[in-house]
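Comments concern the structure below.
Just so you know, ligand 1 is whichever comes first in the structure, and atom 1 is the first atom listed for that ligand.
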Amino acid sequence: MTGPTVAIAGVGRFGALHARVWAEAGARLVGLADPDPDRLAEVARAHDVAETWSDLAPLLDRVRPDVVVIASDEASHVGLAVTALEAGSHVFVEKPLSLSSVDAWRVADTAAAHQRQVVVGHISRFTAPMARMRAGVERGAVGTPCALRLRRDFSRAWFLSFGDRVHPVWESCIHDIDLAISFARTPVRRVTAMCSGAAGDAAPSVVSALLEFDNGVIATVESAWLVPATAPGTLDDGPLTLDGAIVGEVEVLGLEGILKARLVSDALVEWTPAGVQVPDLSLWPEEDGVVGGALRREVGYALAVFTGRRKPDVMPVEEACWGVAAAEAVVESLRTGGPVEPARR
Ligand SMILES: NC(=O)c1ccc[n+]([C@@H]2O[C@H](COP(=O)([O-])OP(=O)(O)OC[C@H]3O[C@@H](n4cnc5c(N)ncnc54)[C@H](O)[C@@H]3O)[C@@H](O)[C@H]2O)c1
């Protein structure tokens with residue numbers, strides 16, 4: 001095998017799926033790092049990886065991988081990314097890139113100083129409808145874009161199990177803030193956000209934010225973790241061990257037209273003894289025994305960027321930094337109740 005060598009930091013639920021997809025894309029898994037010995041052993045066994053460490057730094061000393069994939073808890077992303085870049089690896093880091101704009105720019109600056117690439121795992125950019133919408137906006141299919149509407153709802157049970165590991169804006173809204181940036185392609189200059197006063201303890205899980213971009217485009221970003229267990233599942237039985245539902249829509253309104261899409265497909269409906277499901281076929285569907293969809297396209301894109309076969313045009317790191325600054329402003333606006341200007345470089 002001659003593919004790039006890859007080490008993975010964080011082999012929990014999503015890191016284990018990354019291990020599979022990077023291997024299926026032709027990368028050679030040469031090491032895993034995770035403080036949880038059970039997770040390490042399970043994923044190492046599944047992919048026949050010999051080097052397993054509780055910390056990333058000694059693993060890097062040992063295997064010097066071309067690429068480090070970071071799929072650990074959100075608060076650890078920056079430290080791991082800087083460590084990997086300083087060791088000479090390219091970095092794929094799951095969203096959010098960081099939990100502060102200062103840290104986000106630190107990662108970008110470290111990458112530039114070491115002439116390495118960073119790809120942030122904003123998977124929604126790599127779904128087929130979003131890629132087509134972005135291309136449509138770029139070639140002027142709807143004229144001048146004026147407004148964006150993005151809505152994403154998650155299962156209530158997810159909020160109760162992991163949704164408050166960090167402020168939920170970093171878990172859910174960050175996806176849609178990033179999508180809005182992918183259409184507006186400028187930084188956000190002002191943010192106003194509210195969370196539902198009626199939602200009680202679940203309040204931070206019900207967020208509405210208004211974003212104003214430098215080029216005058218406005219975006220509404222809405223997120224609620226209130227989908228009940230009785231709703232048809234969209235992720236059940238997929239390769240990620242996460243039962244529940246993601247439901248959402250994206251609209252781009254231009255002077256000459258409108259583009260709109262559902263965030264996850266609902267083309268297939270299954271009525272079985274297991275209940276009703278509308279399995280998502282866009283994010284990480286299993287196709288002929290391998291994982292396809294947006295996750296496979298995202299990993300293929302990252303490999304092409306890391307091996308110099310394409311420019312980082314779909315997910316430039318500075319756009320991820322703008323997203324972190326905007327999400328930080330949303331959290332601050334929720335705290336203060338007023339408008340907030342995202343941090344600039
Ligand atoms: N793009 C998507 O659609 C998507 C979907 C799910 C998760 N995610 C992201 O993936 C990341 C992981 O989420 P998850 O659901 O797999 O969480 P998880 O809790 O299942 O797994 C996190 C793993 O990271 C490990 N870890 C913690 N600190 C570490 C460190 N310093 N070094 C190495 N490993 C460390 C933990 O032990 C755990 O095994 C998060 O950033 C999350 O937002 C993205």
Check: For ligand 1, which atoms sit closer than 4.0 Å to a heavy atom of G121?
Finding: 1 (N)

Note to self: Please list the nearest protein heavy atom to atom 39 (O) of ligand 1 with its residue and the distance rounded to 0.1 Å.
What the structure shows: D34 OD2, 2.7 Å

Checklist line | Close-contact set for ligand 1 against W284 heavy atoms, below 4.0 Å | finding: 3 (O)

Next item on the list: For S76, check side chain to side chain contact (heavy atoms under 4.5 Å, CB included) against everything at least two apart and list the hits.
Entry: S72, D73, L80

Margin query: As an exercise, identify every atom of ligand 1 less than 4.0 angstrom from a heavy atom of H77.
Written below: 41 (O)

Next item on the list: Under 4.0 Å from a heavy atom of S72: give me the atoms of ligand 1 that qualify, with their elements.
Entry: 11 (C), 12 (C), 24 (O), 26 (N), 29 (C), 34 (N), 35 (C), 40 (C), 41 (O)

Next item on the list: Please work out whether the ring planes of H175 and F154 are parallel, tilted or perpendicular, with thresholds of 30° and 60°.
Entry: perpendicular

Next item on the list: Could you verify whether a donor N or O on one side chain and an acceptor N or O on the other, from R152 and S124, lie under 3.5 Å apart?
Entry: yes

Item checked: Flag for W225-S155: side-chain donor and acceptor within less than 3.5 Å -> no

Check: So W22 and H18, would you call those rings parallel, tilted or perpendicular, with 30° and 60° as cut-offs?
Finding: tilted

Notebook entry, point to check: Looking at atom 21 (O) of ligand 1, what's its closest protein heavy atom, distance included?
Noted result: G12 CA, 3.3 Å

Checklist line | Distance filter under 4.0 Å to E171 heavy atoms, resulting ligand 1 atoms | finding: 43 (O)

Check: Which atoms of ligand 1 are found less than 4.0 Å from any heavy atom of E74?
Finding: 40 (C), 41 (O), 42 (C), 43 (O)

Notebook entry, point to check: Do any N/O atoms on R39 end up under 3.5 angstrom from N/O atoms on ligand 1?
Noted result: no

Checklist line | For I123, the ligand 1 atoms whose distance to one of its heavy atoms is below 4.0 Å | finding: 1 (N), 3 (O)

